[in-house]
Amino acid sequence: MSAPEAQTERPAPPPRKGGAAALGWILTIGLNVVAPIITYNQLRDHGWSEFAALLLSSAWPVLDSAVNLAWRRKLDEFAVVTLVFLVITAVVSLIGAHSARALLIKDSGVTGLFGLLCLATLLAPRPLMFYFGRKFATDGTPASTAWWNGLWQYEGFRRTMIVMTTVWGVVYLVEAGVRIALAFVVDTDTMVVVSPVMLYAVLGCLGVWTAMYGRRSQAEGERRAAEAAAAEAGAGAPAA
């Protein structure tokens, strides 16, 4: 393979373990959406205060992080970001008024901080979506991790990661603002259901957009690689 082709053509990913990836998504949805809602409603039915029930139901996402750490048996950049925001959430929940509405507002503020973090990493050597992409586009094996890391050498891949990070940052800033506003106009029992559903609906929409944009960027990269190969072949052909 010639030098221009090596710099333009992306290698194919190694085979993924689909069953492990599907199980990971099931655990994520179950522990971050379903379990918190059920826990909150059960505790409220047994006389717990809104604030105490809301605070205890937030233990499920902590368990989700622990399961992932035990499963992967390593602490990657994605896990570090998750743990940092769990600590921020716990600390912020102890600051200011101890009411359920205040906790919902603070929780929305945490997602706003995530949006700010996305935009801040645009100034870092690699934006945040590079690490998130590696988390969900690979199965965590050394081969798939090395493949993903190697993609950074391609200009089109770098541009894709920057655009994705920018979109995620802006969307989560807007999402946080909307959830904070809703916390003032919707009753707490309703907001406990609306908040996580809205959070994961936004995540789902972003996930769909990310997949579509990623495929479109990959197709564009393959088209450019084909054009470069054709141009090289034409330049190397003997004149008639």
Side-chain angles (χ1 to χ4, degrees), residues 25 28-41 43-44 49-62 64-65 78 81-123 127-129 131-133 135-136 160-214:
W25 277 107
T28 297
I29 298 299
L31 294 176
N32 287 275
V33 179
V34 179
I37 293 175
I38 293 176
T39 300
Y40 175 85
N41 289 331
L43 292 176
R44 288 287 288 140
S49 68
E50 293 178 343
F51 174 79
L54 188 60
L55 188 61
L56 189 60
S57 64
S58 67
W60 288 107
V62 177
D64 178 51
S65 297
F78 182 88
V81 171
T82 301
L83 291 176
V84 166
F85 274 91
L86 285 172
V87 172
I88 292 176
T89 303
V91 172
V92 169
S93 68
L94 300 175
I95 301 174
H98 283 192
S99 66
R101 175 173 282 108
L103 189 56
L104 286 167
I105 292 171
K106 293 169 186 176
D107 182 58
S108 302
V110 171
T111 62
L113 288 176
F114 174 76
L116 289 176
L117 177 63
C118 286
L119 299 180
T121 60
L122 294 174
L123 304 176
L128 189 60
M129 284 303 114
Y131 301 106
F132 277 36
K135 169 74 174 180
F136 294 107
T160 298
M161 293 298 102
I162 290 172
V163 171
M164 287 180 177
T165 302
T166 302
V167 170
W168 279 64
V170 171
V171 169
Y172 266 114
L173 281 175
V174 173
E175 182 270 348
V178 171
R179 280 207 293 153
I180 290 173
L182 287 176
F184 285 101
V185 297
V186 178
D187 64 271
T188 301
D189 287 354
T190 301
M191 194 59 192
V192 165
V193 176
V194 170
S195 184
V197 169
M198 180 178 173
L199 177 63
Y200 282 91
V202 170
L203 177 60
C205 291
L206 281 172
V208 171
W209 172 84
T210 299
M212 295 177 61
Y213 179 73

Distance check, rounded to the nearest 0.5 Å: [X] atom [atom1] versus [Y] atom [atom2]?
{"X": "L203", "Y": "M198", "atom1": "CG", "atom2": "CE", "answer": "12.5 Å"}
{"X": "L116", "Y": "L173", "atom1": "CG", "atom2": "CG", "answer": "4.5 Å"}
{"X": "F132", "Y": "M161", "atom1": "CZ", "atom2": "CE", "answer": "12.5 Å"}
{"X": "Y200", "Y": "S195", "atom1": "OH", "atom2": "OG", "answer": "10.5 Å"}

- prompt: Would you say the side chain of R44 lies within less than 4.5 Å of the side chain of N41, judging by non-hydrogen atoms?
  reply: no

- request: Could you tell me whether the side chain of M129 reaches within less than 4.5 Å of the side chain of T160, counting heavy atoms only?
  value: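 Side chain of T160 against side chain of M129, heavy atoms only: no contact under 4.5 Å found.
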
message: Run M164 and V167 through side chain to side chain contact (heavy atoms under 4.5 Å, CB included) and show every step you take.
response: CA-CA 5 Å; M164 287 180 177; V167 170; 5.9 Å; no

message: Once you measure the plane-to-plane angle for Y172 and W168, does it fall in the parallel (<30°), tilted (30-60°) or perpendicular (>60°) bin?
response: tilted

- prompt: Can you name the residues that form a side chain to side chain contact (heavy atoms under 4.5 Å, CB included) with L122, not counting sequence neighbours?
  reply: L119, P127, I162, T165, T166

- request: Please report the closest heavy-atom contact between T111 and E175, naming both atoms and the distance.
  value: OG1-OE1, 3.1 Å

field: Nearest non-hydrogen partners of C118 and L128, listed with the distance
entry: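 So the two residues come closest at SG-CD2, 3.8 Å.
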
field: Partner set under side chain to side chain donor-acceptor pair (under 3.5 Å) for T121, not counting sequence neighbours
entry: none

task: Please name all residues satisfying side chain to side chain donor-acceptor pair (under 3.5 Å) with D187, sequence neighbours left out, ordered by chain then number.
output: T190

